[in-house]
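The analysis underlying the following values was restricted to heavy atoms, covering all of them including side chains, and did not include hydrogens, waters or symmetry mates.
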Amino acid sequence: MNQVNLGTHAKNTWCIGCGNFAILNAIKSVITELIKEGNPAENFVLVSGIGCHAKIVDYINLNSFYSLHGRVVPVAEAIKIANPTLKIIGFSGDGDSYGEGLEHLLFAAKRNIDITMIIHNNRVYGLTTGQFTPTSPKDFKGRSTPYGNKEMPFNPLELMLASGATFVARGFSHGIDLLKNIFKQAISHKGFSIVDVLQVCVTFYNMYSYYSQRVYLMEGHNEQDFEAAVKKAREWDYNSDTKIPLGIFYRNDLPAFEDSFLKSQKSGIDRKEKIKKILENYTIG
Amino acid sequence: MNQVNLGTHAKNTWCIGCGNFAILNAIKSVITELIKEGNPAENFVLVSGIGCHAKIVDYINLNSFYSLHGRVVPVAEAIKIANPTLKIIGFSGDGDSYGEGLEHLLFAAKRNIDITMIIHNNRVYGLTTGQFTPTSPKDFKGRSTPYGNKEMPFNPLELMLASGATFVARGFSHGIDLLKNIFKQAISHKGFSIVDVLQVCVTFYNMYSYYSQRVYLMEGHNEQDFEAAVKKAREWDYNSDTKIPLGIFYRNDLPAFEDSFLKSQKSGIDRKEKIKKILENYTIG
Amino acid sequence: MKDFTVLIGGKAGDGIDRAGLIIAHILSSTGYRIFIHRDYPSLIRGGHTFSVIRASERSIFAHREQIDILIALNNETLNLHRKKLKENCFYIYDSGQTKLDGDACGTGIPIAGILKEENAPELMKNSCLIGAFGKAAGVDWDIIEKVFKISIPKQVELNLKVAKRGYEFSEKLLDIEKIGQAHLPVLTGNEAIGLGLIAGGLNAYIGYPMTPSSGLLHFLAEIAPEFNLQVIHAENEIAVIMMALGFAYAGKRAAVGTSGGGFCLMNEGLSLSGMAELPALIILGQRTGPSTGLPTYTGQTELFYAIHSGHGEFSRLVVAPGDQHQAYFWSATALNLAWKYQIPAIILSDKTLAEGISSFDIEKAGKVDVSAPLLWDKNDLYKRYQNSENGVSPLCFPPQNNAVIKVNSYEHDEFGITTEDFEITRTMQEKRIRKKEFLLSEIEENYQCVNVFGNKDSETAVLCWGSNMPVCVEAAEKFGLKVIQPVVLHPFPLKQFSDAMSGVKKSIDVECNATAQMAELIKKYGFSVEEKILKYDGRPFSVDELESKLERILR
Amino acid sequence: MKDFTVLIGGKAGDGIDRAGLIIAHILSSTGYRIFIHRDYPSLIRGGHTFSVIRASERSIFAHREQIDILIALNNETLNLHRKKLKENCFYIYDSGQTKLDGDACGTGIPIAGILKEENAPELMKNSCLIGAFGKAAGVDWDIIEKVFKISIPKQVELNLKVAKRGYEFSEKLLDIEKIGQAHLPVLTGNEAIGLGLIAGGLNAYIGYPMTPSSGLLHFLAEIAPEFNLQVIHAENEIAVIMMALGFAYAGKRAAVGTSGGGFCLMNEGLSLSGMAELPALIILGQRTGPSTGLPTYTGQTELFYAIHSGHGEFSRLVVAPGDQHQAYFWSATALNLAWKYQIPAIILSDKTLAEGISSFDIEKAGKVDVSAPLLWDKNDLYKRYQNSENGVSPLCFPPQNNAVIKVNSYEHDEFGITTEDFEITRTMQEKRIRKKEFLLSEIEENYQCVNVFGNKDSETAVLCWGSNMPVCVEAAEKFGLKVIQPVVLHPFPLKQFSDAMSGVKKSIDVECNATAQMAELIKKYGFSVEEKILKYDGRPFSVDELESKLERILR
Ligand SMILES: Cc1ncc(C[n+]2csc(CCOP(=O)(O)OP(=O)(O)O)c2C)c(N)n1
Ligand SMILES: Cc1ncc(C[n+]2csc(CCOP(=O)(O)OP(=O)(O)O)c2C)c(N)n1
Ligand code: SF4
Ligand code: SF4
Ligand SMILES: [Mg+2]
Ligand SMILES: [Mg+2]
C-alpha cells in the first residue's frame, strides 16, 4: 500500500493554468497521505456538483458520485448518514453551492454533519462560459450581465459561521502547501467543514495577480474564538479592495449530526415478526 | 377615503388564541394608516406562501398573490421590479422562508430589494400539524421527530444580517403596539426589510408564557451600528434559555436593487423598427 | 345488520378523527371489517369535518352515502348530514349545542351537564358521545371499556365514567350482530405502505411534510427504532430525493413520500435516478390540484405525470395500489423491483387511500420478502455500469475493497467516467431503456398486474385504477359487472390487460379527474371506453353515488 | 457550385465558433443562405470541436456530411474529417501543426512563420486561415475586408494583414458563383426566439444559465436597453419561474429559458401558472439526457414531459418550431396565446435549433404583432376569476383603482379567495380545462399548426417535429416524399394533422430520441407509423445520413 495510484483514464480538459489543477493535486496528495497513514482507499467517497470544478471526480480513482448542479451537499450528507465510517469529501463551485444549492449548504452546517466541502470559488460560472455568481463583485460584467451586475456578493464565510459550521477555512489555488494543510485538517475535523478556495479561472475571471498581491496567511489567529473568526471573515467582503486573509478561521469540536442518528443496521432484524408486533398495536380492544 | 374597509368574505379559520390574529390586526391597522396618509390602497400588494400564516392574504381586501410554500420572495421581488411604485409586503412562515425557501430570502437580502418580509415564526409547521422547523429548538419533539430533533436551530436574524438585509427587526405576537410600530417602519424602509415575529402557535407549540417571561424591548440600541446589531441578534440563539430582545436590530439606507434596474417600459417603443435595426448588426459585410 | 355506517361530525379541532377511530376499534373488535373516510378542510380549527365509519362483514375500502347513525357535535353537522339517515331519528347529538326544531326525535345528550357533574374537561365530550353510540349500536359495555383502556393515553377512568354516562343516557337504535371473524388491525393506507416498505427491506425514509403523505413520515419516524430505520425530515423536497439517491449509492434502500408540489421538485432527482441507475422509491400521494389546490381532498391527476416526469428517457415502474392490501404488497414489491432493475419506482397513492382507514389482513395482502439485487461477484475489475443483456449491472457499495464505485449524472462509460462519445452514448441509452422490456416481461409473468373483479363473464366492464378500485368493485356488484383494475400502470401490462378485456363489449371508465387519464392511456393500445364517470371536486365516490351513476348509464 | 460545405475544426478554446461565423458572414454577403452546425464538447479548452458551414442558394437549416473544403487547425481535425471530403485534396491546414504523410496534397499554411513575421499574436491564426479559405473559395478580397472590419472588435488592421498573407499563400480550389440575392442576417435559433419574443411584446426575461438556452439569456441581456427589457439572472430555476409569474401578475410579459434539469425545477411553478391563470412562457431547450447527459449535444426527449409536466390538470400550449423562421413566428405567437388564454406555453427547442446558425428572412417568418389580452372593462366589481364561456377572465393589473386583484394557488372562488367547496371546485376545474378547446379551435382555424412540405401527392410521408423538419424536408426531396411536421404539439391539431395525413399510405417517423415519442403521441389518435428512424447519440441527422437511412427503407 505504499504505491497509491489515484489516476483514471479520463482525459483532463481543464484550461491550461486553471486553478483547479492545484486543488486536484493537493487533494490527491492529502488522500495519498491519509491512505498511507492507514485509511483504506475504499473508505473515501468524493461527491461533486456540475461545473468545471466537478470534473475532479473523473480524475481521481476513488469512489465517487458525480451529482447535479447545486446538489453536492444532500448526497454527501446521506452517504455519511448511511455509513458513518466513510469519509465524504464534496467538491463544489460557487455557482453550485453558493447559488443553486446554497440552502443545502446552510443546512449541512446547521446539522454539523461530518462532511468536508471544498468550494472551487472562481467567482464565475466557468462551464457555462462566464456569468456572474453569488461571489462575483458588484458591477461584474458577465455574459448575463453585460452592463454590470447590480448585486453585492455574499460573504460565504460569514454565512457559514452564522449557520453553525464548525470548521471554516479559506485557501488559494496558487498556494498548494496551504491547500494541502487545510484540506488535511478539514477532512480530519469531526463535523461540518468548509474550505472556500479562491480558485483562479484563467479564462473567464483571471484574478491571479489581483489575489497574489492581497492574500496573506493569518497568524496568531485564535481558531477557537468565534468572535475573532467572524471578524476575520469580515475583513474582506468579496467586493472591496483590501487584504485577503487565508487559513483556518474557525474550528470547534461539537457533537456531529450522524452521531445522534441511529447506528447503521444491526443485521438480523426479523422484519416479519416485528411487523406482526406493530400490527398488534393497531388491533385494539 | 377616511373609511378603509380591509375585510373580505373569507371565513377566518385560525385557532382561537393564535398569534396570527395580532399580525393581521397590526398590519391592517398600519396599512389603514398608510392609506389615510395618502398611499393609494391599490398600490399595496400582499404576497404569501403556504401555511397558517399565508391565510392572511385571504383576510385582507387588497391585491394579493397567494403563492407556493417557500416561494413568497421571488414573487414579491418580481412584482417590485415590474412596477417599483407598488408596496410589496410578503407574509411567510418559518417553514416557508427559513426552510423550503431560505435561499430566496438570502438572495433578496443580498440584492437589498425594496420589499418587506414578515415572518410568522411560530417555530413549528402549523398547517401540516406540528413538525419541527429550522427555528425549532434542538430536541423538539414534533410529528416527524417523535424522539427529538437532532439539529440546532438557525438564528435567522444573524443569517439576514450576514446576507445584506438593511432592515432587521423582531416582534412578538403578544405585543401589538410594537408590531405596528415595526411594521410601519419596515414598510417605509427603502430596501430589503425583514421582521421576524415570534408568533405563538397555541395548538402545536404554545410558547406564550415562555416568551412573555423573556422578551424585552431593546433600548438605547444603535440601529445603524452593524456590529451592535449582530451582537444583539446573537443574544438569543433560538435555542438557549436567555432573555429575548425585541425591536429593530438594524437599519441602513443603501441603494435598493430595483433602482439600478431599467425603469418600467417607456411606451411607444417601435419594436418592429428596432428589431430591424438589430438584424442589421447580424448582416455583416 | 351486517353492513352499516356511522357518521361523526363537528368542527376541525374537535377530535373527530380520534373519536371515529375509537368507534372503529369498538366495531372492529366485534369482528367487523372497517373503513373510515375522513373529510376535513385544510385548517387546524373551525371548519366542518367529519368521519364516515363503515362496518361490514366483508372486507371494505369505500364509504356509503346513506348512514345508519349520525353523531353530531354541532348543529352544522346535523343540518348537513341528517338527510342521509336511513331512519329519520337515528342520530345522537349534544343537546347543549343544538336546538332541534319541531319534528325533533334524535337522542340528545346533555353533555355539558354530564361533564360538569363528573368534573371532566370539555374535550371528554367525545367520550360521552362514543358511550352513547355504544348503547345505540347495541355494543356490550365491556368492549367499550377494553378499547378505551388501550387507546386512551390519559385519565382513562374519568373518560370511562363520562362514556358510561353517555351509554346510560342513550337508547338502543340498531341491532348489530356480532361476527365470528378474527379481530383485525385497523390501518391507514399510509401505514400499510409503510409496513410494506419495511417488509421490502427499507433502511431509510426521507420526507418533507405534505398532505396526504405526511402520515407516512410520522408513522415511520415513530417506529424507526424498531427497524433501525433512518428517518430524516430534510430541508426541502430536492434534498429529500437527493438524499435518497445518496442512500442508494451507499447500498441502503430508501423511500421518499410527497404530493404533487413536492414531486415537481423531485423531478430532477428522478431523472438522475434513471441516468445513474440508482434505485429510488417515490410515494406520490395525489390530492386535488393543480398547484396547492385542495390540500386535504383527493384526486387522480398524476397518472401521466408519473409516467413522463423527469427529462430524458429511462425505465421506471409506476404502480397504483387500490386498498391497504395492495398498498402493502406493492410497496414491498416496488421496492424490490426498483433495486432489481436499479430504476426509480413510483407508488401512486392519493388522499383516499393514504388517509383512509380500514381493516388490514396481512395474510390476504400476499407474501413479500426482501430480495437481494444483483451483486458484484468480486472477480475482474469492477464496472459500475457493466453492460448486460437485460441492462442491469452488478452492484457493490462503498467501502468495497478492490472496487472503485463511480456513479455519474453525465453520460458515462462502463466505469462511470464521463463520456461524450456517440457510440457509448447510444449503447448506454439502450442499456437503460432495455430494462423496461425485461421488467415488463417479469411482472407480466410473476405478478397480478391487472386485477379482475366481479362478474368475470359480464360484457360490460368498469375500468378503474388506484383507490377507485374498491368502490367500483362494490358498485359493480349490484349490476353484475366486471371490474378491471390495472395496478401496474407503467410499463403497461398489455398482455394481462388484453386478457382482462377479452369478451368486454362495453367499458365504463371511472376516474377522479376531469380528463379521463386512464382512458387516454389505453387508447394508445387500441382500447376505447364507451362511457366515462369522472369526478373532480376533491371528494371520492361513495358506493351509493357510483351505483346511481352506473344505473343512469346502464338503463 | 450553389450548395457547398466548409468544415473548420480544432480544439475547444481555439475560436472555431467565431471563425465559422466569419466565414458564414463572408459567404452570406455574397448572397448565399447559410446554415452552421456547431459540434463542441462540454468543456472550455481542449477536446475536439468543429463547425460545419453550409452555404446554398436556397434557404437551409441542416448540414451535410460531405464537405467541399476542410479547414484544420490541428492534426486531429484532419484525421477525423478528411474522409468526408468530396475532393481528396481540398483542405487547408496549419503546416506547423500537422505533418502530412505520403499522399499529402492539401494547402498547408505556415502560420507560425506568418504570425512571427507580422508580429501578430497566436490567436490571429484563425484570421490567417480564413484568408486562406477566402482565396480557396474564390471570394473577392474586398468582401473579406468588409466582414473583418465590422466583425473584429480589436486590431482589425493587423488581423487583415495576417488574413491577407493567408489569402496570398493559398490557391483557388472551388468556383463559387455569386448569387444575386439579398444579403440576409445570420442568427442562432436562440436569437430568432429572442427576437420573436420581443415582437410578441416581451417585457422581462428571467433565466439561469443552462445549455442550450444560455445564449438566449446572453442575447436578451445584451439588447435589453433597446427595449427596456428587464433581464434577470436569478439564483436558481425555481426563482426564475416564480419571478416570471410575479411579472405576469404585474401585467408584464415574461419568458424564461432553460433545459431539462432546470425545467424539472420549474414544474411546480408551471402548475401554479395553470392554477392561478398567470401566463408564462417557457423555452425548453432539449439536449441529450437523462440528467446532465451530454450538455452540449442534442435530443428530442421532452415531448411528453412538456405535455404532462406539473401536477393537476390545466390547459397549456406546446409548440416545437423547426427553424429560425418558425422560431421567430411561434415565439411571438405563443407569447400572445399564453396571454390571451392566461396559460403556460412551452416552446420546445433543442441544441440543434437553439445554437444552430442560419440566414434569417424576417419577411418569410410571417407577420406577428403584440395582441392585447382581454382586459377588465372597469364596470362592476372586479373578479379576477370571473367565469366565462371560454374560461378566460378579464385581466387588470395593480395598481388599479377600484379593483382588488387576488391570485391564488389554492382552489378559489371568482374573487380569488380560497375555497374548499366542491361545487366551486368543479366549476373552476372546468373553467381552466375548457380553455384548451377554445385554444385548439382558434389555432386550427388561424394558424398553420401542421406543415406539409415536399411532394404533397406522395403516398409516403416522413413525419417529424422540431428541429428535424429541415433535414427531413431536404432528404425527402431526393425521394419525392411528403413531409409532415406538426409545429403545435399540444393541444394536438388533429384536424390539420388528419388532413395532412390524407392519402398517406406509409409513414416514416424521424426523431432524435430512442422511444419515438411523436409516433407514440399520434397512436392515440389512431395513426400508426410503418417505419422509424431514430437517433439518440446526441448528434443531429445530416442530410446525407438521413438520405441513406431513407434509401434503405424505401428500396
Ligand atoms: C439545474 C441546473 N441548472 C443549470 C445548469 C447548468 N450549469 C452547469 S454548470 C453551471 C455553473 C457552474 O458554475 P460553478 O458552480 O461556479 O462551477 P465552475 O464551472 O465555475 O467550476 C451551470 C449553471 C445545470 N447543470 N443544472
Ligand atoms: C413544495 C411543498 N412542500 C410541502 C408543502 C406542504 N406544506 C404546506 S404548509 C407547510 C408548512 C408550513 O409551515 P410554516 O411555513 O412554518 O407555516 P405555519 O403553518 O407554521 O404558519 C408545508 C410543509 C407544500 N405546500 N408545498
Ligand atoms: S473555464 Fe475557468 S474554471 Fe473552467 S477549466 Fe477553464 S480556467 Fe478552469
Ligand atoms: S395551528 Fe398554530 S399557527 Fe396554525 S392557526 Fe392554529 S394556533 Fe395558529
Ligand atoms: Mg465557479
Ligand atoms: Mg411555522
Engineer: Based on non-hydrogen pairs under 4.5 Å, which of C/G47, C/S409, C/G260 is most in contact with chain D?
Structural biologist: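 Winner by heavy-atom pair count: C/S409.
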
Engineer: So what's closer than 4.5 Å to chain C heavy atoms on D/E420: side chain, backbone, both or neither?
Structural biologist: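 Both backbone and side chain.
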
Engineer: Please classify the contact between D/I433 and chain C as side chain, backbone, both or neither, with a heavy-atom cut-off of under 4.5 Å.
Structural biologist: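 Just the side chain, heavy atoms under 4.5 Å.
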
Engineer: Please say whether more than 12 non-hydrogen atoms of neighbouring residues, nucleotides or ligands are located less than 6.0 Å from NZ in C/K11.
Structural biologist: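 Not buried by this count: 12 neighbours or fewer within 6.0 Å.
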
Engineer: In terms of heavy-atom pairs under 4.5 Å with chain C, which of D/S271, D/A276, D/S273, D/G293 leads?
Structural biologist: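 The option with the most such pairs is D/G293.
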
Engineer: Taking atom CG of D/L294 and atom NE2 of C/H412, what is their separation to the nearest 0.5 Å?
Structural biologist: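 It is 11.0 Å, given to the nearest 0.5 Å.
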
Engineer: Is chain C contacted by the side chain of D/I238, its backbone, both, or neither, given a heavy-atom distance below 4.5 Å?
Structural biologist: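 Just the side chain, heavy atoms under 4.5 Å.
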
Engineer: Does any backbone or side-chain atom of C/N408 lie under 4.5 Å from a heavy atom of chain D? Answer side chain, backbone, both or neither.
Structural biologist: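 Contact with chain D: none, neither part.
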
Engineer: Do C/H311 and D/T301 have side chains that get closer than 4.5 Å, going by heavy atoms?
Structural biologist: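 A side-chain contact is absent here, since even the closest heavy-atom pair is not under 4.5 Å.
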
Engineer: Determine the option with the most heavy-atom pairs under 4.5 angstrom with chain D, choosing from C/T515, C/L521, C/L265, C/T296.
Structural biologist: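 Option with the top pair count is C/T515.
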
Engineer: What distance do D/L272 atom CG and C/C264 atom SG have between them, rounded to the nearest 0.5 Å?
Structural biologist: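 Taking CG in D/L272 and SG in C/C264, the distance rounds to 10.5 Å.
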
Engineer: Under 4.5 Å from any heavy atom of chain C, what part of D/E313 do you find: side chain, backbone, both or neither?
Structural biologist: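 When you check distances to chain C, atoms from both the backbone and side chain of D/E313 fall under 4.5 Å.
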
Engineer: Can you check side chain to side chain contact (heavy atoms under 4.5 Å, CB included) on D/Y305 and C/N267, steps first, answer last?
Structural biologist: CA-CA 11 Å; D/Y305 191 28; C/N267 269 222; 2.6 Å; yes

Engineer: Given a strict heavy-atom distance threshold of 4.5 Å, which part of D/E520 is in contact with chain C: side chain, backbone, both, or neither?
Structural biologist: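 Both backbone and side chain of D/E520 come within 4.5 Å of chain C.
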
Engineer: Heavy-atom pairs under 4.5 Å with chain C are the metric here; pick the option from D/E302, D/K535, D/E411, D/K524 that has the most.
Structural biologist: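 Looking at each option in turn, the highest pair count goes to D/K524.
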
Engineer: Would you mind checking which part of D/S42 comes under 4.5 Å of any heavy atom in chain C, side chain (CB onward), backbone (N, CA, C, O), both or neither?
Structural biologist: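 Its backbone and side chain both get close to chain C.
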
Engineer: With only heavy atoms counted, which part of C/F304 is less than 4.5 Å from chain D, the side chain, the backbone, both or neither?
Structural biologist: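 Both backbone and side chain.
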
Engineer: Set out, in order, the CA-CA distance, both residues' side-chain angles and the distance that settles side chain to side chain contact (heavy atoms under 4.5 Å, CB included) for D/T288 and C/Q429, then state yes or no.
Structural biologist: CA-CA 10 Å; D/T288 322; C/Q429 295 273 8; 3.7 Å; yes

Engineer: Any non-hydrogen side-chain atom of C/Y410 less than 4.5 Å from a side-chain atom of D/P295?
Structural biologist: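 SC-SC contact between C/Y410 and D/P295 confirmed.
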
Engineer: Check step by step if side-chain hydrogen bond (donor to acceptor under 3.5 Å, both in side chains) holds for C/Y536 and D/E430.
Structural biologist: CA-CA 9 Å; C/Y536 40 90; D/E430 287 167 359; 2.3 Å; yes

Engineer: Below 4.5 Å from any heavy atom of chain D, which atoms of C/R432 appear? Answer side chain, backbone, both or neither.
Structural biologist: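 Contact with chain D involves the side chain of C/R432 alone.
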
Engineer: What residue in C/A306, C/A514, C/G274 has the most heavy-atom pairs under 4.5 Å with chain D?
Structural biologist: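 Highest number of heavy-atom pairs under 4.5 Å: C/A514.
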
Engineer: In terms of heavy-atom pairs under 4.5 Å with chain C, which of D/G299, D/G312, D/S291, D/G289 leads?
Structural biologist: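 Maximum pair count with chain C is reached by D/S291.
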
Engineer: I'd like to know which of C/G538, C/S528, C/G261, C/G262 tops the heavy-atom pair count under 4.5 Å against chain D.
Structural biologist: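 Ranked by contacts with chain D, first place is C/G261.
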
Engineer: One pair to check against side chain to side chain contact (heavy atoms under 4.5 Å, CB included): C/T292 and D/M275. What are the steps and the verdict?
Structural biologist: CA-CA 8 Å; C/T292 313; D/M275 181 56 134; over 6 Å; no

Engineer: What residue in D/G269, D/S309, D/P290 has the most heavy-atom pairs under 4.5 Å with chain C?
Structural biologist: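 The answer is D/P290.
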
